[in-house]
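Here is the structure we will look at.
Labels below follow one simple rule: chain letters A, B, ... track the order of the sequence lines, proteins then strands, and each chain is numbered from 1.
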Amino acid sequence: MAGVLTSQAQDFPRWYQDVIAKAQLAENGPVRGTMVIRPWAYAIWERLQSALDERIKATGARNAYFPLLIPEAYLRREAEHVEGFSPELAVVTHGGGKALDEPVVVRPTSETIVNAYIARWVSSYRDLPLLLNQWANVVRWELRPRLFLRTSEFLWQEGHTAHTSAEEAHAFALRILDDVYAATMVNELAIPVYRGRKTERERFAGATVSWSCEGAMRDGKALQMGTSHELGQSFARAFGTQYADRDGELRHPWQTSWGTSTRLLGAMIMAHGDDAGLRVPPRLAPVQVAVLVARAGEGVAEAAQALIDDLSAHGVRAELDDALEVSLGRRITDWELRGVPVRVELGPRDLAAGVAVVARRV
RNA sequence: CGGGGCGUAGCGCAGCCUGGUAGCGCGCCGCCUUUGGGUGGCGGAGGUCGCCGGUUCAAAUCCGGCCGCCCCGACCA
């Protein structure tokens, strides 16, 4: 059929933008780099989020929430960290109609404010390991934004942990990389990933080692999909986090931080989408089976509803499409664009013959 | 921030060079027709032509300034 989208071969970036628009996944916000996530994409994100959350909790980490606004001075406490993030900070200078005595920054990531509190909560080796995770939005003033892949504001999960040894922190950072990130990417997103250590240049600002999961996209490029960092003791020193060890000595804990974001939706689009549109991995698909009433007829609506009920009873997320005022071709194209894994078409002809058209899109 | 391009209806664009009633496609609304892969027909709604100023009898069009956006580069989850 004549493509609704620019083909991937012709212009991959253009195809990417087309799918996002036509499948109604997201749009640009009024402020440069911001993004409106539309219901279909958000529903996929929610499923991805819960899959990640489950695995994060399985490591023993617990969810918490820290403020969006951070005193600028906090950022300055860790030299390399502030140097890395300063160029992309959004800074609030006014509040309540008056200039603030000290500007506050909108979090670009939360190492600093989390550590300000970890310092208060850790005083004994018995308090460790401390394993925290937060689901939040962060802001980084990006020069060249691209929907999902690099937006000025994005949704993510950021973990922050403290341990009694470098070895334990190292092991935990890798556990997140393997058991949480790679596992979710492979099993939920159905994207094979390459795990490895980031180069010195790409290392997270303030980390000693950065580990990354990179996935292969259909344009032949790799995309960083999740990172896990060993922070050493630099943040602990910067924020004065110390604990009394078994031997009575005061020591700084060894820390990690790790994150994945709505960029994963961009990865899903680029790793699975084709010239007909998006293809959503079945485990993440908000609708796994779309049942289309192809044409009105005696008993067709009832048969379609019976199929929906049967699928639902078996734990399959199924949705009825009986919008007969919209042409069948149009509806088929729309479901293809949105990437629903299985489509069933049912009409009087099928009913009479005791069959149904089933199309897979996985 | 450096290089290039573009701002005209919700979206995508033509018109600008050569000033003279603001157009096309898609989408939207109504009616009819159709419906098994983006149906077809008829009718309709919708625009301070990015903003400010200048030239002119007359500016989307010419001139000046400003603002915004997109693409490439550098930076980045």
Side-chain angles (χ1 to χ4, degrees), chain A residues 1-6 11-14 16-18 20-22 24 27-35 83-89 107-111 136-159 181 185 198-199 201-205 207 210-215 222-229 257-267 276-277 292-297 300 321-337 343-353 355-359 361:
Chain A
M1 76 179 225
V4 175
L5 306 167
T6 303
D11 184 344
F12 198 87
R14 177 78 184 275
Y16 180 80
Q17 291 188 333
D18 282 359
I20 290 174
K22 298 272 187 176
Q24 303 184 350
E27 286 183 29
N28 286 314
V31 173
R32 179 178 165 75
T34 57
M35 167 172 63
E83 191 187 331
F85 280 101
S86 283
E88 45 189 300
L89 289 180
R107 65 179 163 225
T109 180
S110 304
E111 274 76 8
N137 56 337
V138 289
V139 169
R140 300 177 185 179
W141 217 257
E142 297 292 350
L143 299 175
R144 268 191 72 195
R146 251 185 111 191
L147 288 172
F148 293 122
L149 300 175
R150 186 177 47 237
T151 46
S152 292
E153 178 191 6
F154 55 94
L155 306 183
W156 79 342
Q157 145 287 306
E158 54 178 318
Y181 293 162
M185 289 162 196
K198 287 300 224 180
T199 61
R201 221 180 117 271
E202 293 180 306
R203 195 166 42 79
F204 176 76
S210 284
W211 301 93
S212 173
C213 272
E214 314 256 342
L223 180 73
Q224 178 173 309
M225 293 171 64
T227 47
S228 185
H229 315 288
S257 72
W258 26 279
T260 53
S261 72
T262 36
R263 170 180 276 189
L264 291 175
L265 293 174
L292 285 71
V293 173
R295 188 181 177 133
V300 177
D321 177 355
D322 59 354
L324 290 166
E325 69 278 8
V326 180
S327 78
L328 181 67
R330 177 104 202 181
R331 288 184 286 143
I332 289 171
T333 306
D334 283 344
W335 285 112
E336 280 180 345
L337 277 168
R343 183 179 75 244
V344 177
E345 299 166 20
L346 203 55
R349 244 186 257 163
D350 307 293
L351 206 58
V355 299
V357 174
V358 178
R361 182 160 171 69

Next item on the list: Please name all residues satisfying salt bridge (Lys or Arg N to Asp or Glu O under 4.0 Å) with R203(A), sequence neighbours left out, ordered by chain then number.
Entry: E80(A), E200(A)
Next item on the list: Classify the nucleic acid contact of V326(A) as base, sugar-phosphate or nothing, counting any heavy atom under 4.0 Å across all strands shown.
Entry: nothing
Notebook entry, point to check: So what does P348(A) hit on the nucleic acid, given a heavy-atom distance under 4.0 Å: a base, only sugar-phosphate, or nothing?
Noted result: base
Item checked: For atom CZ of R14(A) and atom P of rC70(B), their distance in whole Å -> 15 Å
Check: Which nucleotide, rC71(B), rG37(B), rG36(B), lies nearest any side-chain atom of E336(A)?
Finding: rG37(B)
Next item on the list: Could you check how far OH of Y16(A) sits from P of rC70(B), rounded to whole Å?
Entry: 15 Å
Notebook entry, point to check: Would you say the side chain of P108(A) lies within less than 4.5 Å of the side chain of V138(A), judging by non-hydrogen atoms?
Noted result: no
Distances under 3.5 Å between nitrogen or oxygen atoms of protein and nucleotides 73-77 of chain B:
unit_1: rG73(B); atom_1: OP2; unit_2: R144(A); atom_2: NH1; d: 3.3
unit_1: rC75(B); atom_1: OP1; unit_2: R201(A); atom_2: NH2; d: 2.8
unit_1: rC76(B); atom_1: O2'; unit_2: E142(A); atom_2: OE2; d: 3.1
unit_1: rC76(B); atom_1: O2; unit_2: R150(A); atom_2: NH1; d: 3.4
unit_1: rC76(B); atom_1: N3; unit_2: R150(A); atom_2: NH1; d: 2.9
unit_1: rA77(B); atom_1: O3'; unit_2: Q224(A); atom_2: OE1; d: 3.3
unit_1: rA77(B); atom_1: O3'; unit_2: Q224(A); atom_2: NE2; d: 2.2
unit_1: rA77(B); atom_1: O3'; unit_2: R263(A); atom_2: NH1; d: 3.0
unit_1: rA77(B); atom_1: O2'; unit_2: R263(A); atom_2: NH1; d: 2.9
unit_1: rA77(B); atom_1: N6; unit_2: T151(A); atom_2: N; d: 3.0
unit_1: rA77(B); atom_1: N6; unit_2: T151(A); atom_2: O; d: 2.4
unit_1: rA77(B); atom_1: N1; unit_2: T151(A); atom_2: N; d: 3.4
unit_1: rA77(B); atom_1: N3; unit_2: S261(A); atom_2: OG; d: 3.1

Notebook entry, point to check: What's the shortest heavy-atom distance between M35(A) and F148(A), and which atoms?
Noted result: SD-N, 3.5 Å
Notebook entry, point to check: Paired with rG47(B) by Watson-Crick or G-U wobble geometry, both distances under 3.5 Å: which nucleotide is it?
Noted result: none
Next item on the list: For rC32(B) versus rA59(B), give the span between their P atoms, rounded off to a whole number of Å.
Entry: 46 Å
Next item on the list: Using Watson-Crick or G-U wobble geometry with both distances below 3.5 Å, tell me the partner of rC76(B), or none.
Entry: none
Checklist line | Pairing nucleotide - rU34(B), Watson-Crick or G-U, each distance under 3.5 Å | finding: none
Next item on the list: Could you check which nucleotide pairs with rC6(B) in any of the strands shown, counting Watson-Crick or G-U wobble with both distances under 3.5 Å?
Entry: rG68(B)
Item checked: Inter-nucleotide C1' distance (rG47(B), rC11(B)), Å rounded -> 14 Å
Notebook entry, point to check: Whole-Å distance between rG30(B) P and E325(A) CD?
Noted result: 11 Å
Check: What distance, rounded to whole Å, do you find between the two P atoms, one in rU21(B) and one in rA58(B)?
Finding: 15 Å
Next item on the list: Describe the nucleic acid contact of Q157(A) in one word from base, sugar-phosphate, nothing, applying a heavy-atom distance below 4.0 Å.
Entry: nothing
Margin query: My understanding is that a pair needs two contacts under 3.5 Å, Watson-Crick or G-U wobble. By that rule, which nucleotide pairs with rC24(B)?
Written below: rG12(B)
Margin query: Using only modelled atom types and a 3.5 angstrom limit, is any donor from either the side chain of R331(A) or the base of rG36(B) paired with an acceptor on the other?
Written below: no
Next item on the list: Report yes if some heavy atom in the side chain of P348(A) is under 4.5 Å from a heavy atom in the side chain of R295(A); otherwise report no.
Entry: yes
Notebook entry, point to check: Relative to the 5' end of RNA chain B, which residue comes earlier, D350(A) or N28(A), by the nucleotide with the nearest heavy atom?
Noted result: D350(A)
Notebook entry, point to check: Rounding to the closest angstrom, what is the interatomic distance between rC31(B) and rG15(B) at atom C1'?
Noted result: 33 Å
Next item on the list: Specify the closest pair of heavy atoms between M185(A) and G226(A), including all atoms of both residues, with the distance to one decimal.
Entry: CE-N, 3.9 Å
Note to self: How many whole angstroms separate atom CZ of R295(A) from atom P of rU33(B)?
What the structure shows: 14 Å
Notebook entry, point to check: Just checking L324(A): base, sugar-phosphate only, or nothing, at a heavy-atom cut-off of under 4.0 Å?
Noted result: base
Margin query: Distance check, P atoms only: rG65(B) and rC76(B), in whole angstrom units.
Written below: 36 Å
Notebook entry, point to check: When you look at L223(A) and R263(A), which way does the side-chain contact (heavy atoms from CB on, under 4.5 Å) test go after all the steps?
Noted result: CA-CA 9 Å; L223(A) 180 73; R263(A) 170 180 276 189; 4.0 Å; yes
Notebook entry, point to check: Expressed as a whole number of Å, how far does the P atom of rC52(B) sit from that of rU8(B)?
Noted result: 15 Å
Note to self: Does a side-chain N or O of R330(A) approach OP1 or OP2 of rG27(B) to a distance below 4.0 Å, or not?
What the structure shows: yes
Margin query: When you measure from the side chain of R14(A) to the backbone of L5(A), do you find a donor-acceptor pair of N or O atoms at a distance under 3.5 Å?
Written below: no
Notebook entry, point to check: Which value, rounded to the nearest 0.5 Å, describes the distance between S261(A) atom OG and L149(A) atom CG?
Noted result: 9.0 Å
Checklist line | d(CD, Q24(A); C1', rC11(B)) in whole Å | finding: 12 Å
Item checked: Smallest separation among heavy atoms of E142(A) and T151(A), with atom names -> CG-O, 3.9 Å
Next item on the list: Give one of base, sugar-phosphate or nothing for G347(A), where a contact means two heavy atoms less than 4.0 Å apart.
Entry: base
Check: Using a cut-off of 4.0 Å on non-hydrogen atoms, how would the nucleic acid contact of L328(A) be classed: base, sugar-phosphate, or nothing?
Finding: sugar-phosphate
Next item on the list: Mind calculating the distance between CG (L337(A)) and P (rG37(B)) to the nearest angstrom?
Entry: 17 Å
Next item on the list: Check whether any side-chain heavy atom of R343(A) sits under 4.5 Å from a side-chain heavy atom of I332(A), and report yes or no.
Entry: yes
Checklist line | Nearest-Å distance for atom pair CD1/P, residues I20(A) and rC11(B) | finding: 18 Å
Margin query: Say we look at rU48(B) and rA9(B): how far apart would their C1' atoms be, to the nearest angstrom?
Written below: 13 Å
Notebook entry, point to check: Taking atom C1' in both rG44(B) and rG50(B), what distance in whole Å separates the two?
Noted result: 29 Å
Next item on the list: Measure the distance from CG on L5(A) to C1' on rG12(B) and round it to the nearest whole Å.
Entry: 15 Å
